[in-house]
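Read the numbers this way: they start at 1 and go in the same order the structure lists the ligands and their atoms.
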Amino acid sequence: MKLLILDRDGVINYDSDAYIKNLAEWIPLPGAIEAIARLSQAGWTVAVATNQSGVARGYYDLATLEAMHARLRELVAEQGGELGLIVHCIHGPDEGCACRKPKPGMLEQIAAYYDVALKGIWFVGDSSGDLKAAQTVDCQPVLVKTGKGERTLAQGLPAGTLIFDDLAAVADQLLHL
Ligand SMILES: O=P(O)(O)OC[C@@H](O)[C@H]1O[C@@H](OP(=O)(O)O)[C@@H](O)[C@@H](O)[C@@H]1O
Ligand SMILES: [Mg+2]
Ligand SMILES: [Zn+2]
């Protein structure tokens with residue numbers, strides 16, 4: 001199975017240090033929706049693993065988060081694609097959950113859902129927590145320079161991390177364009 005796992009904020013949509021708190025603030029990055037649709041049409045399953053501590057912090061509620069994800073699915077469908085499983089962690093950093101990146105719990109949830117091994121599966125993120133989560137479960141860490149990617153790059157990366165300008169470039173590579 002061709003499975004690709006994506007972080008959300010800073011990879012699919014613009015991120016903000018003030019969190020993405022409502023549907024109006026959820027704005028796809030250039031080429032990101034098309035990249036997901038292109039991959040989907042080529043037989044890839046594209047899943048999402050996203051930290052959403054803004055819910056625990058009271059910045060937005062689960063219904064708002066789900067509205068963002070409904071919009072994401074709608075936009076991908078409009079481009080002729082289909083988005084796979086979206087897994088989110090709505091906990092705060094001090095709750096000690098198993099799903100908040102850099103813990104790999106969401107990646108493991110996705111692997112269990114699709115009944116696949118994680119080894120070598122590309123996980124595309126913009127933050128060090130994304131790359132650490134990937135490394136922990138032997139996924140291929142992939143950094144994009146959108147969102148917090150340039151900051152993350154400046155901090156140093158796990159060995160073997162692949163680097164791309166954006167999600168469109170990741171799709172081009174996987175589709176050998
Ligand atoms: O990149 P993903 O995982 O899709 O989502 C990240 C968001 O949940 C937010 O995560 C926060 O980190 P803390 O959760 O406060 O440590 C901050 O980095 C925010 O800028 C960011 O919008
Ligand atoms: Mg991110
Ligand atoms: Zn969690």
Side-chain angles (χ1 to χ4, degrees), residues 4-33 35-36 46-73 75-76 83-113 121-137 139-155 157-158 161-171:
L4 176 69
I5 307 174
L6 307 178
D7 170 50
R8 193 196 84 178
D9 295 333
V11 175
I12 298 174
N13 56 277
Y14 289 95
D15 195 6
S16 164
D17 288 341
Y19 298 74
I20 304 302
K21 302 180 289 299
N22 55 55
L23 193 53
E25 291 179 359
W26 186 87
I27 301 167
L29 282 156
I33 300 297
I36 295 170
V46 182
V48 178
T50 179
N51 281 355
Q52 290 300 325
S53 69
V55 174
R57 299 172 191 277
Y59 298 158
Y60 47 92
D61 60 17
L62 195 53
T64 301
L65 182 63
E66 296 295 0
M68 293 178 203
H69 296 165
R71 180 83 180 117
L72 168 56
R73 290 189 186 282
L75 290 173
V76 172
L83 184 63
L85 182 65
I86 301 173
V87 178
H88 56 239
C89 164
I90 58 173
H91 306 109
D94 303 328
E95 293 187 54
C97 71
C99 43
R100 177 181 161 82
K101 296 173 288 184
K103 289 182 182 172
M106 289 191 282
L107 301 180
E108 290 165 334
Q109 273 181 258
I110 290 167
Y113 180 83
I121 299 286
W122 287 24
F123 178 43
V124 184
D126 66 319
S127 300
S128 58
D130 301 323
L131 306 177
K132 286 177 187 143
Q135 210 177 23
T136 304
V137 286
C139 281
Q140 169 62 58
V142 181
L143 178 75
V144 285
K145 295 180 183 176
T146 48
K148 296 183 173 68
E150 293 283 8
R151 275 188 246 177
T152 303
L153 185 56
Q155 293 162 2
L157 305 176
T161 300
L162 301 177
I163 305 170
F164 293 89
D165 285 340
D166 54 21
L167 183 54
V170 173

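Here D130 fails the criterion, with no N, O or S atom under 2.8 Å of the Mg ion (ligand 2). Contact annotation: D7 places an N, O or S atom under 2.8 Å from the Mg ion (ligand 2).
For ligand 1 and K148, the ligand atoms under 4.0 Å from any heavy atom of the residue are 18 (O), 19 (C), 20 (O), 21 (C). Near S53, with a cut-off below 4.0 Å to any heavy atom, the atoms of ligand 1 are 13 (P), 14 (O), 15 (O). Short contacts between ligand 1 and R8, defined as distances under 4.0 Å to a heavy atom of the residue, involve ligand atoms 4 (O). Near K101, with a cut-off below 4.0 Å to any heavy atom, the atoms of ligand 1 are 2 (P), 3 (O). Close approach to R57 involves these atoms of ligand 1, each under 4.0 Å from a residue heavy atom: 13 (P), 15 (O).
Screening H88, K103, M106 for a side-chain contact (heavy atoms from CB on, under 4.5 Å) involving N51 leaves a single residue, M106.
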Item to check | Test salt bridge (charged side-chain N to carboxylate O under 4.0 Å, His left out) applied to K148 and D17, step by step | outcome: CA-CA 9 Å; K148 296 183 173 68; D17 288 341; 3.6 Å; yes
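Angle O(D9) to the Mg ion (ligand 2) to OD1(D126): 90° [nearest 10 degrees].
Residue G10 places every heavy atom at 4.0 Å or more from ligand 1.
Of the heavy atoms in D15, only side-chain atoms (C-beta onward) come closer than 4.0 Å to ligand 1. Contacts with ligand 1 closer than 4.0 Å are made by no heavy atom of P93, backbone or side chain.
Of the protein's non-hydrogen atoms, the one nearest atom 4 (O) of ligand 1 is T50 OG1, 2.6 Å.
Any protein N/O/S atom under 2.8 Å from the Zn ion (ligand 3) was counted, giving 4 altogether.
No donor-acceptor distance shorter than 3.5 angstrom exists from the side chain of D15 to the backbone of G147, with no hydrogens or angles considered.
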